[in-house]
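A short worksheet on the structure shown next.
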Number of protein chains: 2
Amino acid sequence: MTEQKVISFETIRVACKNCTLSTLCLPMGLTTEDVERLDDIVRRSKPLHRGDYLFRSGETFRSLYVVKTGSVKTYAPSEEGGEQVLGFHLPGEIIGLDAIETEVHACSARVLETSAICELPFSRLEQLTATIPSLQHQMYRLLSKEIGHDTEMLLLLGKKNAEERLAAFLISMSRRLHQRGLSPTDFHLSMSRHEIGNYLGLAVETVSRLFTRFHEEGLLKVDRKHVQLLDPAGIEAILGQSLADDHRARSS
Amino acid sequence: MTEQKVISFETIRVACKNCTLSTLCLPMGLTTEDVERLDDIVRRSKPLHRGDYLFRSGETFRSLYVVKTGSVKTYAPSEEGGEQVLGFHLPGEIIGLDAIETEVHACSARVLETSAICELPFSRLEQLTATIPSLQHQMYRLLSKEIGHDTEMLLLLGKKNAEERLAAFLISMSRRLHQRGLSPTDFHLSMSRHEIGNYLGLAVETVSRLFTRFHEEGLLKVDRKHVQLLDPAGIEAILGQSLADDHRARSS
DNA sequence: GCCTTAGTTTGACCTGGATCAAGCACATGC
DNA sequence: GCATGTGCTTGATCCAGGTCAAACTAAGGC
């Protein structure tokens, strides 16, 4: 009990200015003084545990959330059980941007593992951005980045085959973890095969078979949730490969 | 020649405050005075024609574009000919939001038919939003709306079958045209079957067959690019239908 | 320990939609 | 007029990946 309290305390108390994520998150490009003003509106909850909700679809939108440690998935529940996983969010990533317009959350967000989350009440953030131009600019950039990311996913779901989708997923995880100072070749997947499949528009069985195939081809090693990329270049080569094929086929 | 000049002039001169699209576009919720300030930065070009570019992938991002009349498609070209159509944009819709972050356009935009376009230099718009809170709010809303729309598309591409995709497309067109004061049941598609297929992640042949099937089922009438929805409710019923099926199957 | 439950893997089979291949309809040019 | 091109439709075939089914493997719970 005591130990858990200590951990919580450590996790919670990091101010924005001391946070290692400040280059990825909102404080980027802000002066020390402005970071302190931002810091004033951030609410830091105690750590959440696997399955806990940040918000649920249908709830009124009040805040944006930033992952500080751990990971979160967002998904759009469709009446009666079905759902589409929209994203897996790593430390420094902002969640809830899609709800600004309607002021109602259209998707749900729950943590995949014990995670620390910062909450940013949106109305206060909005007031702040009106007085700090660089913060406003950063908000535009973050919103725009989200659109760019969604665009990539549209391309993935619209044009890529199963193999390319999983390769894209692995490369994306690898890069994002690397940005956060973790190993780009050796990591833990906090989501299930089912969730990966759902996210990539594939059946669980297909994901499982692909992991096996990639393993057989010497591209990676898998032990349950632990992944080791043995040949990252080989995996990257899978992306765009079929487009080259496509072109070859058409021009012949 | 003279006639064309007259048309151009008429099209170009509409100020934001007199524009019928102001409820859909940025001016929403602004005071008359603020609309005039916005108006000052808007550049109105002469009408563009089918195939003209608003911008190309790889170009430096400088402006956002708003469709005033006509329609525009955006697409992400992938090396050597292949492309993913990202969207079809109707009057009042903003284009280019995904390029704010990187300051480089990742996609291209070209007009599908003779169209009038408003250009908004982003740096000036950004300055303006810093001094007009309601404009800033509207910008956040527009960016957020785009994310919400992309999310819907992800769901469509990730979970829906061919029939549901075309139904969703038709309903979306119908609603958006209706919002703009046009008939929700009787409209002209400015894009080709090929482009529709590309957008929906389907082959041209599939799109064509679906139009035929919908026609046989009495849901609509098609004559080349002209579409008439005979049973809009029937088409809407196709959406989410398979999810119900899915649930029925699983719970039995 | 042993039972239960949930996640994962593997195999066998099936199908929706892609691909291939014609034929058709309507422009546009000469 | 006829030739050429471009987009659309229709039919026949094929296959990637979904679905179904079963076995395997942790990880709790008691």
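Reminder, nothing fancy here: chain letters follow the sequence lines and each chain counts from 1.
Atom P of nucleotide D:dG17 and atom CD of A:Glu164 are separated by 9 Å, given to the nearest angstrom. If you take CG of B:Asn161 and P of D:dA16, they are 21 Å apart, rounded to a whole angstrom. Atom-to-atom, CG of A:Leu166 to P of D:dG17 comes out at 12 Å; the value is rounded to the nearest Å. With rounding to whole Å, B:Leu200 atom CG is found 12 Å from C:dG17 atom P. Here the P atom of nucleotide C:dG17 and the CG atom of B:Leu210 are 8 Å apart, to the nearest Å. Rounded to an integer number of Å, the gap from NZ of A:Lys160 to C1' of D:dG17 is 18 Å. Atom pair A:Asn198:CG and D:dG18:P shows a separation of 12 Å (rounding to whole Å applied). Here D:dG18 presents its P atom at 8 Å from CZ of A:Arg165, a figure rounded to the nearest Å.
The side chain to side chain donor-acceptor pair (under 3.5 Å) search around B:Ser172 returns B:Arg176, not counting sequence neighbours. When the side chain to side chain donor-acceptor pair (under 3.5 Å) test is applied to B:Thr20, no partner is found at least two apart in sequence or on another chain. Under the salt bridge (charged side-chain N to carboxylate O under 4.0 Å, His left out) criterion, B:Arg180 pairs with B:Glu93, sequence neighbours left out. For the side chain to side chain donor-acceptor pair (under 3.5 Å) test, no residue two or more places apart in sequence or in another chain qualifies with B:Arg50. Scanning for ring pair (Phe, Tyr, Trp, His ring centres under 6.0 Å) contacts around B:His105 gives B:Phe55, B:Phe61, with sequence neighbours left out. The salt bridge (charged side-chain N to carboxylate O under 4.0 Å, His left out) test applied to B:Arg56 returns no partner, not counting sequence neighbours.
Contact check of residues 215-232 of chain B against DNA chain C (heavy atom, cut-off under 4.0 Å) returns B:Arg224.
Residue pairs meeting the ring pair (Phe, Tyr, Trp, His ring centres under 6.0 Å) criterion with at least one partner in residues 155-189 of chain B, sequence neighbours excluded, are absent. Note on residues 202-227 of chain A: no pairs pass ring pair (Phe, Tyr, Trp, His ring centres under 6.0 Å), not counting sequence neighbours. Screening residues 189-204 of chain A for side-chain hydrogen bond (donor to acceptor under 3.5 Å, both in side chains) gives A:Ser71-A:Ser190, A:Lys73-A:Glu195, A:Ser192-A:Glu195, A:Asn198-B:Lys159 as the qualifying pairs, with residues at least two apart or on separate chains.
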- Message: Quick one, A:His89 with A:Leu112, criterion side-chain contact (heavy atoms from CB on, under 4.5 Å). Give me CA distance, side-chain angles, the key distance, then yes/no.
- Response: CA-CA 9 Å; A:His89 308 274; A:Leu112 290 164; over 6 Å; no
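An angle of 30°, rounded to 10°, separates the two end axes of the helix from C:dG1-D:dC30 to C:dC30-D:dG1, each defined over five pairs.
Comparing C:dG7, D:dC8, D:dG17 by their nearest atom to the side chain of B:Ser192 picks out D:dC8. For A:Ala203, whose side chain is taken as the heavy atoms from C-beta onward, the closest listed nucleotide among C:dT9, D:dG17, D:dT19 is D:dT19.
Within the 4.0 angstrom heavy-atom criterion, no nucleotide atom of any strand lies near A:Gly197.
Nearest-nucleotide assignment on DNA chain D puts the 5′-proximal partner with B:His194, out of A:Ala162 and B:His194.
Using modelled atom types, one side-chain atom of A:Arg165 and one backbone atom of A:Leu200 make a donor-acceptor pair closer than 3.5 Å.
Few gaps surround NZ on B:Lys225; more than 12 heavy atoms of other groups in view lie less than 6.0 Å from it.
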Where do N or O atoms of nucleotides 10-13 of chain D meet protein N or O atoms at under 3.5 Å, pair by pair?
residue	atom	partner	partner atom	Å
D:dT10	OP2	B:Thr212	OG1	2.6
D:dG11	N7	B:Arg209	NH1	2.8
D:dG11	O6	B:Arg209	NH2	3.4
D:dA12	N6	B:Arg209	NH2	3.4

